[in-house]
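Counting convention: from 1, in listed order, for ligands and their atoms alike. Worth knowing before you read on, the calculation uses all heavy atoms, side chains too, and leaves out hydrogens, waters and symmetry mates.
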Amino acid sequence: MMLKIPDVLTQEQIRQCRQALEQADWVDGRTTAGHVAMKAKNNLQLPLDHPVAQQLGDFILGLLSQNPAFISGALPLRILPPRFNRYEGGGDYGYHIDNSIFGVPGTQQRIRTDLSSTLFFSDPDEYDGGELVIQDTYGTHTVKLPAGHMVLYPGASLHRVTPVTRGTRYAAFFWTQSLVREDHRRSLLWELDAAIQSVALSMPDHEAMPQLTGIYHNLIREWSNT
Ligand code: NI
């Protein structure tokens, strides 16, 4: 399931994040790539321990913990601290699949990358190219969202970023280990939650509501692996 979540950031928050990102010192993205990814990767990245990366990363995690669409779609167990990249001057990232396991910096903890996310900090008209292209069983999807919006997609997907031929594309990306590992089960839970929300809005006192919400929670209990 691919999910687009609008307005994760307000215009003022985007402006502040952009200011911090534009003033930061960036390094070659290949420094954090594995052996195979290194050949495909041609972008800039903030070092993981860069104060701006840590400050904006914490800020984003705080927002996500209160974002109903993210919580319902991702059912997050653990989120890796967001990373930041910058594409310009023809920079791109060829087709690859992200690593399956990452260590959480400064801890013994490791997370499985069930979901990948990209949060955009540049508006589509600020740059040419820079589309996130994702392949899944339903075909190839091209994603280029307004600043402040994000996309969530299965970590197992083959994906690339096309060359940025004009302007600069800033984004945050991060991985989530979900309570529910299987994508098809998360999709069912997402649809069930949306249906329950819809009924709750039009018929809040319907006698089947407690049973419906109970089924939702019992399915999570059944399918969650923590
Ligand atoms: Ni990737």
Colleague: Within the supplied structure, the quantity of interest is the number of heavy atoms (other residues, nucleotides, ligands) at a distance under 6.0 Å from E12 CD; does it exceed 12?
Modeller: yes

Colleague: May I ask you to say whether R18 pairs ionically with E126, meaning some side-chain N is under 4.0 Å from a carboxylate O?
Modeller: yes

Colleague: Is R185 atom CZ crowded by more than 12 heavy atoms from other residues, nucleotides or ligands, each under 6.0 Å away?
Modeller: yes

Colleague: Taking the six-membered ring of Y127 as reference, does the cationic atom of K144 (NZ for Lys, CZ for Arg) lie under 6.0 Å from its centre and within 45° of its axis?
Modeller: yes

Colleague: Just checking, any donor-acceptor pair under 3.5 angstrom between side chains of S157 and D136?
Modeller: no

Colleague: So is R86 actually on top of Y170's ring, under 6.0 Å and inside 45° of the axis?
Modeller: no

Colleague: Which count of protein N, O or S atoms is obtained for distances strictly below 2.8 Å from the Ni ion (ligand 1)?
Modeller: 3

